[in-house]
Student: 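Below: one structure in structure tokens.
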Amino acid sequence: MSEIRDILVTSALPYANGPIHIGHLLEYIQTDIWARFQKMRGHHCWYVCADDAHGTPIMLRARHEGITPEDLIARVAEEHRADFAAFRIDFDNYHSTHSAENRYYANLIYARNRDKGHISKRSITQAYDPVEHMFLPDRFIKGECPKCGAADQYGDNCEVCGASYSPNELKNPRSAVSGAVPEQRESDHYFFRLGDFEALLKDWTRGGGLQPQVANKLDEWFAAGLQEWDISRDAPYFGFEIPDHPGKFFYVWLDAPIGYMASFRNLCDSPRGRAAGLDFDHFWSKDATAELYHFIGKDIIYFHALFWPAMLHGADFRTPSAIFAHGFLTVDGQKMSKSRGTFIKARTYLEHLNPEYLRYYFAAKLGPGVDDVDLSLEDFTARVNSDLVGKVVNIASRSAGFITKRFAGRLAPTLCDTGLFDAFVQAGESIAHAYERRELSRAVREIMALADRANQYIDEQAPWVLAKQAGQEARLHGVCSLGLNLFRILIGYLRPILPGTAADAESFLRIGPLTWAALAEPLLDREIAPFKPLMTRVEPAHIAAMLEASKEDLSAARPASAIEPTNPHLARDPIGAVVDIETFAKLDLRIARIRSAGPVAGADKLLRLELDLGGETRTVFAGIRAAYDPRDLEGRLTVMLANLAPRKMRFGTSEGMVLAAGPGGKDIFILSPDAGAEPGMRVK
RNA sequence: GGCUACGUAGCUCAGCUGGUUAGAGCAUCGCACUCAUAAUGCGAGGGUCGGUGGUUCGAGUCCACCCGUAGCCA
């Protein structure tokens, strides 16, 4: 740890046409843990990311919603930022590929490669939608599988029999955009001559920056021969127009990785970047000495390990120090599934569970390889409860009481067992080594072994026995103070994984943000705050509720098909007359917790809800019985109109109204506030 | 279909370049303890290391084939 390193880290850019889900989070959490670790070690580590905002799917989605692509990506960016912040993904900068910086670097990288002869032009034949007047990407052509005949399959592969083929092999092809029969049309395209870089890439592959599994895969691609890469798309397209070829646009995958540079440039030019003296060239110039790492999923290795370094090299920029690929997330051993409720959005997770749990669980299972990671919900519950609540937090919990009650909250002036303390400090080297090599599961195992030793120590010393013996005050003081010191080291080691819990522990111990180096110095002869539970157990009921809510998301979500015409809800029920703010202010909307829900005898559409407003309880009858199982509602937060005149009904008085959307019957959806809202808060 | 990986106790995973009776956590069972968010400590049972064949004095660890899973095929 002698030398301070300059490190730039990225995660793959999430696509700006949908919400973040737990599969995405595997990567952001992995990267965030690694970046936080580097910062804790005192290195200058910068973690940047951006929304990937271009391409046909975004263009079509925006059109479908009746808004501009710019409005769509702005809205999605806000959602993404909120989700990342809630999971404590600590980006130093979060930008967009639809930005001035990205346009600049995309143009520059293209122009330099072109000037060196690495761009070629040729005409290709492609499916064309004569109604929409646009060329169709493979994903937007549907038809019958040429192998098994399954209907409604995409243009690149069949989800029924698994065959892969080219779109023109499809039987009865249709445009997924207009439904028209696609025509074959010619168009000029521009190609990046990847083959020009074979020697460079082979060199780079052998340079040690790749995982062995990834290098093997690359060898396969080298053996097959490097093909030219089509980097242009025809209008209409949402992206950057190629400067010297009007009507042609850069393919989204060309400017996506350039987004890493653009985000970093944006950071350099920000007040924060300038204050830190961030120098773009120090990180990106051909002879840059700073380290550059990209965390990615194994599905996009081709782009990051071949195209990206080649493009950079061709444009006289440096190549990445390493690419870190990870596997995919499965839930209970299977692909995430919408119908099983395991396609869990970040937002849905946050409504039910603490983000620290997921960060810990992923860390406990992530290694340096490209193996898939399984989120076993049963294991998740057991592991978090046992490791974090039962072992780690428990050490503080069982030591702190004595310190507070018997010693006025003051820690002992000396360590009573330096051997154990030193062993904990020394273990840090091995743990740091594991973090550095992204062996997060190993780091977690080693940390938990230390937690076991701390609990063993407390058991051996039996402070509860010492507390009852006269003349053992100093021993008791020493044992419990050591217990808290061991806890402090453990929390320090876990801090990259559990930033929220670590912050709470730091305020409990009344210390500043822990650094790795600070852990070697014990905390002595000073006051700590009274202990409050730092983490509560995972409740299986919350997991069940989360899965249920994920299924609800599905039924609430609009069909994915791009063919669907304009939104039917507005047509059926147009937006009402304008009101002024005073009129709105008369409505007192409050966050409420559904304390209990149950059927109403004699009313087959109603549920009786007991709503907790944080001190006041209201009874409300809501016509949602066909849409909700009462058990799923209990414990949920929702929004109610609190100052609606009470209304006497046959079964009792309804003291307010719960807000919900939808046509009625089974299709009715009550509102849920974001995590953090508490009963009684006013909605305004 | 081709390729790259992966397949170890009920569950989730360790097992470095092949070498003593295959390890951990959780779960299960027994005992102890009661400071702690019913948390902790001690102990026990539980695996022919996906299958078959091979290389070797010796294979979970190497090779071949088969089965299953994931990704890629630009």
Side-chain angles (χ1 to χ4, degrees), chain A residues 138 147 156-157 161-166 191-192 194-195 211-221 223-231 251 253 297-303 305-307 325-330 332-335 361 364-367 369-406 434 439 441-442 444-446 448-449 451-468 476 479-480 483 487 531-539:
Chain A
D138 295 356
K147 291 257 168 64
D156 43 8
N157 65 55
C161 72
S164 61
Y165 40 78
S166 76
F191 291 80
F192 179 67
L194 185 63
Q211 295 140 295
Q213 304 92 324
V214 174
N216 287 346
K217 190 70 193 172
L218 258 57
D219 283 341
E220 172 199 337
W221 287 327
L226 299 177
Q227 305 297 306
E228 296 192 338
W229 179 40
D230 186 352
I231 57 164
Y251 176 41
W253 259 111
K298 63 179 176 179
D299 52 331
I300 54 176
I301 289 171
Y302 201 91
F303 294 99
L306 292 180
F307 294 141
H326 60 80
F328 271 55
L329 182 69
T330 56
D332 284 335
Q334 295 187 272
K335 271 193 199 181
Y361 190 72
K365 304 203 63 167
L366 272 165
V370 295
D371 301 341
D372 288 351
V373 169
D374 184 47
L375 167 59
S376 157
L377 293 167
E378 198 182 320
D379 186 48
F380 169 85
T381 308
R383 193 132 197 175
V384 169
N385 289 345
S386 158
D387 290 359
L388 295 182
V389 183
K391 288 178 181 175
V392 176
V393 170
N394 187 231
I395 295 164
S397 178
R398 64 195 305 201
S399 304
F402 292 112
I403 297 291
T404 304
K405 284 183 217 142
R406 300 286 292 266
E439 295 176 340
S441 61
R442 176 182 293 274
V444 165
R445 270 202 311 281
E446 292 185 13
M448 286 310 138
D452 286 343
R453 285 180 67 180
N455 276 310
Q456 283 161 14
Y457 171 78
I458 294 171
D459 255 62
E460 283 162 17
Q461 299 299 317
W464 55 94
V465 174
L466 297 175
K468 290 171 190 154
L476 175 66
V479 167
C480 294
F487 168 73
F531 181 80
K532 285 183 287 190
L534 292 169
M535 182 179 285
T536 53
R537 300 166 65 79
V538 180
E539 297 294 339

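Computation of the quantities below employed the complete heavy-atom set of this structure, encompassing side-chain atoms and omitting hydrogens, waters and symmetry-equivalent molecules. In what follows, chains carry the letters A, B, and so on, assigned in the order in which the sequence lines appear, proteins first and then strands, with residues in each chain numbered from 1.
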Student: Restricting to side-chain contact (heavy atoms from CB on, under 4.5 Å), what partner residues turn up for A:D371, sequence neighbours left out?
Tutor: none

Student: Measure across A:G390 and A:N455 and return the closest heavy-atom pair with its distance rounded to 0.1 Å.
Tutor: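 Here A:G390 and A:N455 meet closest at O-ND2, 4.4 Å.
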
Student: What is the nucleic acid contact for A:D374, judged by heavy atoms within less than 4.0 Å: base, sugar-phosphate only, or nothing?
Tutor: sugar-phosphate

Student: Between N or O atoms, less than 3.5 Å apart, protein on one side and nucleotides 23-33 of chain B on the other: list the pairs.
Tutor:
from: B:C33; atom 1: O2'; to: A:W464; atom 2: NE1; distance (Å): 3.4

Student: Using both pair distances under 3.5 Å as the test, note the stems of at least 3 consecutive Watson-Crick or G-U pairs that include RNA chain B.
Tutor: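 RNA chain B stems, ordered by first number: B:1-7 with B:67-73, B:10-13 with B:23-26, B:28-32 with B:40-44, B:50-54 with B:62-66.
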
Student: Nearest of B:G71, B:U12, B:U37 to any side-chain atom of A:Y361?
Tutor: B:U12

Student: Write down the distance between NE2 (A:H326) and C1' (B:A70), rounded to a whole number of angstrom.
Tutor: 14 Å

Student: How close or far is atom P of B:G71 from atom CG of A:L329, stated in whole angstroms?
Tutor: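 About 12 Å, once rounded to whole Å.
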
Student: Which residues pass the ring-ring contact (aromatic ring centres under 6.0 Å, His included) test with A:F531, not counting sequence neighbours?
Tutor: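 Here the qualifying residues are A:F508.
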
Student: For A:L534 and B:A36, what is the distance between atoms CG and C1' respectively, to the nearest whole Å?
Tutor: 13 Å

Student: Roughly how many Å is it from CG in A:L466 to C1' in B:U34, rounded to a whole number?
Tutor: 14 Å

Student: Is the ring pair A:W229/A:Y251 parallel, tilted or perpendicular, if the boundaries are 30 and 60 degrees?
Tutor: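 Rings of A:W229 and A:Y251: perpendicular, over 60°.
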
Student: Just compare B:A70, B:U37, B:G71 and give me whichever is closest to any side-chain atom of A:D372.
Tutor: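 Of the options given, the side chain of A:D372 lies nearest B:A70.
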
Student: Between A:D332 and A:L377, which heavy-atom pair has the shortest distance, and what is it?
Tutor: OD1-N, 2.9 Å

Student: Quick check for you: among B:A36, B:C35, B:U37, whose closest atom lies nearest to any side-chain atom of A:V393?
Tutor: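 Closest of the options to the side chain of A:V393: B:U37.
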
Student: I need the CD-C1' distance between A:Q227 and B:C73, as an integer number of Å.
Tutor: 11 Å

Student: Considering only B:G71, B:U37, B:C35, which nucleotide approaches the side chain of A:F328 most closely?
Tutor: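 For the A:F328 side chain, the nearest candidate turns out to be B:G71.
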
Student: Which nucleotide, B:C72, B:C35, B:U12, lies nearest any side-chain atom of A:K217?
Tutor: B:C72

Student: Expressed in angstrom and rounded to an integer, what is the separation of A:Q213 atom CD from B:A70 atom P?
Tutor: 18 Å

Student: A:D379: which residues meet the side-chain contact (heavy atoms from CB on, under 4.5 Å) condition with it, sequence neighbours left out?
Tutor: A:Y361, A:K365, A:S376, A:R383

Student: Could you pull out all residues at least two apart from A:D138 that satisfy side-chain contact (heavy atoms from CB on, under 4.5 Å)?
Tutor: A:D156, A:P167

Student: Nearest of B:A39, B:C35, B:U37 to any side-chain atom of A:N394?
Tutor: B:A39

Student: A:F402 side chain: which of B:C35, B:U12, B:A36 is closest?
Tutor: B:C35

Student: Between B:A39 atom P and A:Q456 atom CD, what is the distance in whole Å?
Tutor: 18 Å

Student: Does a side-chain N-to-carboxylate-O contact under 4.0 Å join A:D372 and A:K335?
Tutor: no

Student: Compare the minimum distances between each of B:U37, B:U40, B:G15 and the side chain of A:R442, then state the nucleotide with the smallest one.
Tutor: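 For A:R442, the side-chain atoms sit closest to B:G15.
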
Student: Take atom CZ in A:R453; do more than 12 heavy atoms of anything else shown fall under 6.0 Å from it?
Tutor: no

Student: Counting heavy atoms from C-beta on, name the nucleotide in B:A36, B:U12, B:G71 closest to the side chain of A:K298.
Tutor: B:G71

Student: Roughly how many Å is it from CD in A:E378 to C1' in B:C11, rounded to a whole number?
Tutor: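 About 6 Å, once rounded to whole Å.
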
Student: For a side-chain contact (heavy atoms from CB on, under 4.5 Å) with A:K391, tell me which candidate from A:I395, A:D387, A:V393 qualifies.
Tutor: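 By the side-chain contact (heavy atoms from CB on, under 4.5 Å) criterion, A:K391 pairs with just one of A:I395, A:D387, A:V393: A:D387.
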
